[in-house]
Number of protein chains: 2
Amino acid sequence: MGKAGLRRKEREKLQHREEILDAALRLFSEKGFHNVSVQEIAEEAEFSVGTLYNFFASKESLFAGLMSSCAKRISEILVPILDEKTDERGKISNFIHAHKQIIESYASSIRLYLSQDVCSVLTVRPDVEPEADAVRDTIQQKLSSIFKSGVRKGVFKEMDPRAASLSLSAMLESFVFSMIKEPERMQIELGLSLIEELFFKGALKDTEA
Amino acid sequence: MGKAGLRRKEREKLQHREEILDAALRLFSEKGFHNVSVQEIAEEAEFSVGTLYNFFASKESLFAGLMSSCAKRISEILVPILDEKTDERGKISNFIHAHKQIIESYASSIRLYLSQDVCSVLTVRPDVEPEADAVRDTIQQKLSSIFKSGVRKGVFKEMDPRAASLSLSAMLESFVFSMIKEPERMQIELGLSLIEELFFKGALKDTEA
DNA sequence: ACAAGTTATGAATATTAGTTCATAATATGA
DNA sequence: TCATATTATGAACTAATATTCATAACTTGT
């Protein structure tokens, strides 16, 4: 057996694994964990149930794998931005606009990340998916500390940094989600710019404030 | 059989129904629909499973009943405010602060309303709970039209009214939820005032804007 | 106290869906 | 072509749980 042969088999195995994950992602994100059967996933992936169990120990572990890879991909986009060496206002602005990339690349991943017994910002049961929750926490903390130093420097108003992070994230998440549901509704850039304007300067006309 | 007797029985029946609903609310809001068995609900309510089925045709219809009554109670608080005869800014301000009442009175109802395979603002599957979704829609539409007329009158900036409603609701919902999760974190009034300030005037200091 | 009607009970049933495993198919290298 | 190893298959097994229903307990008016 030549080395090339072995590698092909490995590639194929990985490929099959991916196909199963993709199928599961499609179904979970559409119908939710409890409303998708292993049978269904097998059919969607064009394998038998037995084969799924060659790759994953259980339905739960399949789901866990999906969740953690999605959370990882999203954090790879957002975290570097928050760690850049720019000023606070710039970081927040970049953070806001980075969501364009997220909407464009990861629609179904996000569906998974937000859909669920577990619920977005709102995380009813933080115990269910530790990795996804950790990513959310990381981002919240980074945002908070940016707001904190921004307040100290007098860029931002006096305000609770955590409440501000939460508000911003909530605005962004709900926008992301609405774009995934109805992509035609408005241009991504326009929506994100509105959020930026709203978040930085508020809804009132200057003459009214 | 005197009339009084009949009425007592009716009262008791309603009472029993309420007790079942309460037990179900406690369990569903804590663990989610799929993770609560009918047995459990029966035990929590101190009835037998059979009795539950005398009141509700199925587990799903029990849940549906809960959802619609929660949605109804919440809309009874929020909708009148949006229908009042005050100016746009006042309505939005009242709307924001009405969430105090919601947090205080309806913690577990909201847990139910937000928890779920169905997911808050983000409603993965609008088909699952039509009534709750209808309430959300109503509120979004009322908010939108307030923003629309506010923009026309020059109170608010030029902006997409729907995006603005969505942003505001997202901020409020995530705040409500965080208060339900960690009631100690901050005072309700302070949080809501911050959201008001943020939403109306933004996060930047005036000198920076 | 009894008959008639109402409500409660929970063991039994039916169904659904996650998991296993003996078997079949396929690929590999000699 | 054959022996070996790897991977795929899906019917059968199992566990969990939603639902039913024959029976029991209780209420009420006479």
Side-chain angles (χ1 to χ4, degrees), chain A residues 1-28 30-67 116-117 128-129, chain B residues 1-28 30-67 116-117 128-129:
Chain A
M1 143 182 29
K3 280 175 186 175
L6 243 188
R7 289 213 212 87
R8 201 206 63 222
K9 283 203 104 177
E10 276 170 19
R11 273 203 314 279
E12 271 180 5
K13 201 169 174 180
L14 276 182
Q15 175 62 30
H16 290 176
R17 198 189 134 95
E18 281 306 309
E19 276 165 25
I20 292 166
L21 282 171
D22 282 358
L25 178 55
R26 257 171 285 151
L27 293 171
F28 283 149
E30 194 181 324
K31 306 166 67 177
F33 182 76
H34 287 289
N35 302 299
V36 175
S37 72
V38 176
Q39 293 277 353
E40 260 183 289
I41 300 172
E43 277 162 34
E44 176 83 15
E46 295 176 83
F47 285 102
S48 68
V49 272
T51 303
L52 298 214
Y53 281 88
N54 288 338
F55 286 98
F56 302 95
S58 68
K59 189 191 175 189
E60 291 239 346
S61 82
L62 203 179
F63 182 78
L66 270 183
M67 281 295 268
Q116 218 2 39
D117 286 343
V128 176
E129 253 319 312
Chain B
M1 140 180 32
K3 282 176 185 175
L6 246 188
R7 289 214 212 88
R8 201 205 64 223
K9 284 203 104 178
E10 275 169 19
R11 274 204 313 278
E12 271 180 6
K13 200 170 176 182
L14 275 182
Q15 175 62 30
H16 291 174
R17 198 189 135 94
E18 280 307 308
E19 276 164 26
I20 292 167
L21 282 171
D22 283 357
L25 178 54
R26 259 171 283 150
L27 293 170
F28 284 149
E30 195 182 323
K31 306 166 67 177
F33 183 76
H34 288 288
N35 301 300
V36 175
S37 71
V38 176
Q39 292 277 353
E40 261 183 287
I41 300 172
E43 279 162 33
E44 176 82 16
E46 297 177 81
F47 286 102
S48 67
V49 273
T51 303
L52 297 215
Y53 281 88
N54 287 338
F55 287 98
F56 302 95
S58 68
K59 189 188 176 192
E60 291 238 347
S61 81
L62 204 178
F63 182 79
L66 270 183
M67 281 294 269
Q116 217 3 41
D117 288 343
V128 176
E129 253 319 312

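Every chain is numbered from 1 and lettered A, B, ... according to where its sequence line falls, protein lines coming before strand lines.
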Asker: Fit a plane to each ring of B:Phe63 and B:Phe28, take the angle between them on a 0 to 90° scale, and name the class: parallel (under 30°), tilted (30 to 60°) or perpendicular (over 60°).
Answerer: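 Perpendicular: the ring planes of B:Phe63 and B:Phe28 meet at over 60°.
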
Asker: What integer distance in Å separates A:Lys13:NZ from D:dA8:P?
Answerer: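 Roughly 8 Å, once rounded to whole Å.
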
Asker: Atom CD of A:Glu10 and atom C1' of C:dA27: how far apart are they, to the nearest Å?
Answerer: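 So the CD-C1' distance, A:Glu10 to C:dA27, works out to 15 Å.
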
Asker: How close or far is atom P of D:dA5 from atom CD of A:Glu12, stated in whole angstroms?
Answerer: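 The answer, rounded to whole Å, is 20 Å.
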
Asker: Would you give a per-nucleotide map of nucleotides 12-26 of chain C, 5' to 3', where B means the base has a protein non-hydrogen atom under 4.0 Å away, S means only the sugar-phosphate does, and - means neither?
Answerer: ------SBBB-----

Asker: Going by heavy atoms closer than 4.0 Å, what residues in residues 40-48 of chain B are next to DNA chain C?
Answerer: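 Under 4.0 Å from DNA chain C: B:Phe47, B:Ser48.
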
Asker: Using a 4.5 Å cut-off on heavy atoms from C-beta on, say whether the side chain of B:Lys13 contacts that of B:Arg17.
Answerer: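 A side-chain contact under 4.5 Å is absent here.
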
Asker: To the nearest 0.5 Å, tell me how far A:Tyr53 OH sits from A:Ser61 OG.
Answerer: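 Interatomic distance, A:Tyr53 OH to A:Ser61 OG, rounded to 0.5 Å: 8.5 Å.
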
Asker: So which atom in B:Ala23 and which in B:Glu44 form the shortest heavy-atom distance, rounded to 0.1 Å?
Answerer: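 Shortest heavy-atom separation between B:Ala23 and B:Glu44 comes out as CB-CG, 3.4 Å.
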
Asker: Tell me if a side-chain donor or acceptor on A:Lys59 pairs with a main-chain N or O of A:His34 at a distance below 3.5 Å.
Answerer: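 Absent.
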
Asker: Does some side-chain heavy atom of B:Leu21 sit less than 4.5 Å from a side-chain heavy atom of B:Leu62?
Answerer: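 Side-chain contact under 4.5 Å: yes.
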
Asker: Quick one: B:Leu52 CG to D:dT19 C1', roughly how many Å, whole number?
Answerer: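 After rounding, the reported distance stands at 11 Å.
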
Asker: Any chance you could measure A:Glu46, atom CD, to A:Thr51, atom OG1, to the nearest 0.5 Å?
Answerer: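 The CD atom of A:Glu46 sits 12.5 Å away from the OG1 atom of A:Thr51.
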
Asker: To the nearest Å, give me how far apart CZ (A:Phe55) and C1' (D:dT6) are.
Answerer: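 Taking atom C1' of D:dT6 as the reference, CZ of A:Phe55 is at 11 Å.
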
Asker: To the nearest Å, how far apart are A:Arg11 CZ and C:dA27 P?
Answerer: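 Going from CZ in A:Arg11 over to P in C:dA27 covers 15 Å.
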
Asker: Restricting to ring-ring contact (aromatic ring centres under 6.0 Å, His included), what partner residues turn up for B:Phe47, sequence neighbours left out?
Answerer: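 Listed in chain order: B:His16.
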
